[in-house]
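Reckoned from all heavy atoms, side chains included, excluding hydrogens, waters and symmetry mates.
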Amino acid sequence: MSLFRPQLWQIPEISPEHMQNLPALVQNLEQRLAEIARRFPQAVFASSLAAEDMVITDALCRLKLPVRIITLNTGKLNPETEALIAATQKQYSIALEVYRPQPEAAAAFEQQFGTSAIYESVENRRQCCHIRKIEPLNRALSQAPAWLTGQRRSQSATRSELAFEEHDSSRNIAKFNPIFDWEEHDVWAYAQTYNIPLNDLYRQGYPSIGCEPCTRPVKLGEDIRAGRWWWENKDSKECGLHK
């Protein structure tokens, strides 16, 4: 038995150059968020509680903008992620709108297919994502004039064409990605500067965090999303949540 343990991903070290670029990025972000709020009062920010989303949450709360902040509790979150919901509410004195799956649908899926069904086929995993993520998100956005995400272009190849403003054709509303052009080090420079609450799983080698059964740590040098649905072909690794 090998005692070798691969080195895991670590939070990036931030250079003075990264810090030097941060004020301009923050100013641009604040202008973008203010413009979204002006055009679409009561727009919805769907936070996954990732570091990117915590950056946007921090900016929205500092600016006191009229944007609703919602998050999804899928019923399959790591304890560290659930703890971050409480920490976020405490730090910013806000009540996050937490949406959950319909309990009957979640129970029926596991009763019919079993608790390990997501590993058996892409179709099963996507159905689970639909029940636990997409349907609750659709409820959260049902009356929204527009919505925001924390997605970035450089997170994955499937997001390389991401724009600041898009049209969500499935919901017929505007969609915004306020930090679409930020790099990973920009996110961590902001996190360090503004002391935002973060998921403890980042310190355990998780650069991309989803539900507990669908997420694992990533080895140093791997793609930052390699730990999401790691048992699948890379071409199937989106759940449609942000489309």
(request) Measure the CG-CG distance between Asn195 and Asp58 for me, rounded to the nearest 0.5 Å. (result) 9.0 Å
(request) Look up atom CD1 in Ile179 and atom CG in Leu25, then write down how far apart they are to the nearest 0.5 Å. (result) 10.0 Å
(request) Decide side-chain contact (heavy atoms from CB on, under 4.5 Å) for Ile70 and Leu137; before the verdict, give the C-alpha distance in whole Å, the side-chain angles of both, and the deciding distance to 0.1 Å. (result) CA-CA 9 Å; Ile70 71 101; Leu137 178 64; 4.3 Å; yes
(request) In plain terms, say whether Glu110 and Arg132 are close enough for a salt bridge, that is, a side-chain N and a carboxylate O under 4.0 Å apart. (result) yes
(request) Considering only NZ, NE, NH1 and NH2 on the basic side and carboxylate oxygens on the acidic side, decide whether Arg38 and Glu35 come within less than 4.0 Å. (result) yes
(message) Are Ile209 and Leu8 connected into the same hydrophobic cluster when the rule is that any two of I, L, V, M, F, W, Y join if their side-chain heavy atoms are below 4.5 Å apart?
(response) no
(message) With side-chain contact (heavy atoms from CB on, under 4.5 Å) as the criterion, how do Leu49 and Met54 come out once you've worked through the C-alpha distance, each side chain's angles and the decisive distance to 0.1 Å?
(response) CA-CA 6 Å; Leu49 304 170; Met54 298 309 299; 4.3 Å; yes
Any [X] side-chain heavy atom under 4.5 Å of [Y] side chain:
{"X": "Gln102", "Y": "Arg139", "result": "yes"}
{"X": "Val218", "Y": "Ile224", "result": "no"}
{"X": "Leu29", "Y": "Val55", "result": "yes"}
{"X": "His18", "Y": "Glu183", "result": "no"}
{"X": "Leu33", "Y": "Ile56", "result": "yes"}

Looking only at non-hydrogen atoms, find the nearest pair between [X] and [Y] and report the distance.
{"X": "Ser170", "Y": "Asp168", "value": "OG-OD1, 2.7 Å"}
{"X": "Gln204", "Y": "Pro217", "value": "O-CB, 3.9 Å"}
{"X": "Thr215", "Y": "Tyr206", "value": "CG2-CD2, 3.6 Å"}
{"X": "Arg225", "Y": "Ser208", "value": "NH1-OG, 3.5 Å"}
{"X": "Thr74", "Y": "Pro101", "value": "O-CG, 3.5 Å"}
{"X": "Leu148", "Y": "Ala43", "value": "CD1-CB, 3.9 Å"}

(request) Check each of Glu165, Arg32, Glu166, Arg152 against Asn177 using the side chain to side chain donor-acceptor pair (under 3.5 Å) test, and report the only one that passes. (result) Glu166
(request) May I ask you to list the residues sharing a hydrophobic cluster with Phe113, side-chain cutoff 4.5 Å, ordered by chain and number? (result) Phe109, Ile131
(message) Tell me which one of Gln192, Glu184, His185 satisfies side chain to side chain contact (heavy atoms under 4.5 Å, CB included) with Trp188.
(response) Glu184
(message) Please evaluate residues Val122 and Trp229 with respect to the criterion side-chain contact (heavy atoms from CB on, under 4.5 Å), reporting the C-alpha separation (whole Å), side-chain torsions for both, the decisive distance (0.1 Å), and the verdict.
(response) CA-CA 9 Å; Val122 174; Trp229 308 300; over 6 Å; no
(request) Say whether, by atom type as modelled, one donor and one acceptor occur between the side chain of Asn78 and the main chain of Glu80 under 3.5 angstrom. (result) no
(request) Could you tell me how the ring of Tyr190 sits relative to the ring of Trp182: parallel (under 30°), tilted (30 to 60°) or perpendicular (over 60°)? (result) tilted
